[in-house]
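What follows is a set of notes on a single structure, which appears directly below.
Each ligand, and each atom within it, is numbered from 1 in the order the structure gives. Residue numbers count from 1 along this sequence. Given the structure is predicted, the values throughout are model-derived calculations rather than measurements.
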Amino acid sequence: MMSKENGNPVARGVPGAHGEGSEPGSKPRKSHVRGSGDFVFDMRPLGKRPGEFRDERRTALAPDGLGSGLVLVPSGADVALDLRFEAVSEGVLVTGSALAPLSGECARCLDPLTTETEVGIQELYRYLPDPGEDEADGEERFLDGDHLDLEPAFRDAVVLALPLSPLCSEDCPGLCAECGAKLADVGPDHGHGGKVDPRWGPLAQLDIHDRVED
Ligand SMILES: [Zn+2]
Ligand SMILES: [Zn+2]
C-alpha cells in the first residue's frame, strides 16, 4: 500500500499572494490584470478583521462609454489604480486614486486634445445585507461575495471630474467670431472691419460671407 502522506497540501493561495501580504503596512503589490475583471478585486486576502488593510496598484483597461460631450476616457485605455482596501465592521472601505487619460476637443478652438484626469476614490462597500434586513437605499455599494467591483465607483468619480470645457491650453484664444480662423494661428492682430491688416486689404473688399460658403 502506498502511503501518500499529504502533509504538504498544494498551496491554494491567490496568485500573487505570498503569505506575508496581508500584514498591515505591507508594501503595495503590483498587479496587471487584463480582461473583463479589470476593476474587480478579490477581498479574500484582506479578510474581515476590522483594521486590516491591503494596498494594491493595478493598471486596468478603461470601460466603454465613459465620458460625454467634448471629452471621454478612451475605451481600453490604461487606467492606473492606486488603492487601499481596509476591512471595517460593515464591509470594505476603498480609498485611493485613479489616473485616466482623456481625449476630446478644445471647447474654444475645437482642436483635438489629450489630457488626463486623476480622481480620488473613497467608497464603502458593504457586506450584503442579511436576508430580512431592509434592502438598502440605492446609493449604497455592496461586495459581491468575496469580490469588490470598483467600476461603478470609478465611473461615478470620473464623470464628476470630466471638464465641462476642456481646453488645449489655459490661454487658448479660440476662434475668430467673424471668420472662424484659429486665433492662435492668425495672431493677436487678427480682426475685421476698421483695422484691416494692409496685407488683407484686397480680401477685405470681397464679400466675406461668400468666401465662407466655399
Ligand atoms: Zn484650443
Ligand atoms: Zn476673423
Side-chain angles (χ1 to χ4, degrees), residues 28 30-41 56-84 94-123 139 141 149-214:
K30 285 200 174 188
S31 58
H32 193 88
V33 180
R34 296 279 170 181
S36 58
D38 273 13
F39 287 85
V40 176
F41 292 83
E56 185 157 350
R57 292 193 185 137
R58 174 185 289 188
T59 302
L61 297 185
D64 292 336
L66 190 46
S68 61
L70 291 168
V71 68
L72 52 80
V73 177
S75 173
D78 282 350
V79 177
L81 301 172
D82 187 353
L83 303 168
R84 167 163 295 187
V94 192
T95 54
S97 64
L99 181 64
L102 295 177
S103 70
E105 57 187 36
C106 175
R108 288 187 195 152
C109 72
L110 308 182
D111 268 7
L113 64 83
T114 56
T115 178
E116 60 186 14
T117 186
E118 181 165 21
V119 295
I121 288 177
Q122 182 166 27
E123 293 283 341
E139 294 299 298
R141 300 190 196 282
D149 183 2
L150 192 72
E151 188 182 319
F154 168 71
R155 279 184 177 276
D156 288 357
V158 168
V159 167
L160 287 174
L162 289 176
L164 294 175
S165 298
L167 298 177
C168 62
S169 69
E170 280 304 314
D171 54 356
C172 173
L175 303 177
C176 171
E178 291 270 334
C179 70
K182 200 177 150 194
L183 295 178
D185 292 343
V186 296
D189 295 334
H190 177 78
H192 301 269
K195 296 188 288 178
V196 175
D197 183 307
R199 288 168 297 173
W200 292 92
L203 279 175
Q205 313 297 318
L206 301 171
D207 184 339
I208 197 78
H209 297 293
D210 284 346
R211 303 297 303 167
V212 171
E213 292 295 317
D214 285 351

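Within the protein, the N, O or S atoms sitting under 2.8 Å from the Zn ion (ligand 2) are C176 SG, C179 SG, H190 NE2, H192 NE2.
No donor-acceptor contact under 3.5 angstrom links the side chains of D82 and S97, judged on distance only.
You'll find the side chain of L66 stays beyond 4.5 Å of the side chain of L72, heavy atoms only. D111 has its side chain within reach of K182: a pair of non-hydrogen atoms, C-beta onward, lies under 4.5 Å apart.
Looking only at distances, no side-chain donor or acceptor of R57 sits under 3.5 Å from a matching main-chain atom of A80.
Centred on the Zn ion (ligand 1), the angle running from C172 (SG) to C109 (SG) is recorded as 110°, rounding to 10°.
Taking CG of L175 as the reference point, atom NE2 of H190 lies at 9.5 Å (rounded to 0.5 Å). The CD atom of E151 sits 10.5 Å away from the CG atom of D156 when rounded to the nearest 0.5 Å.
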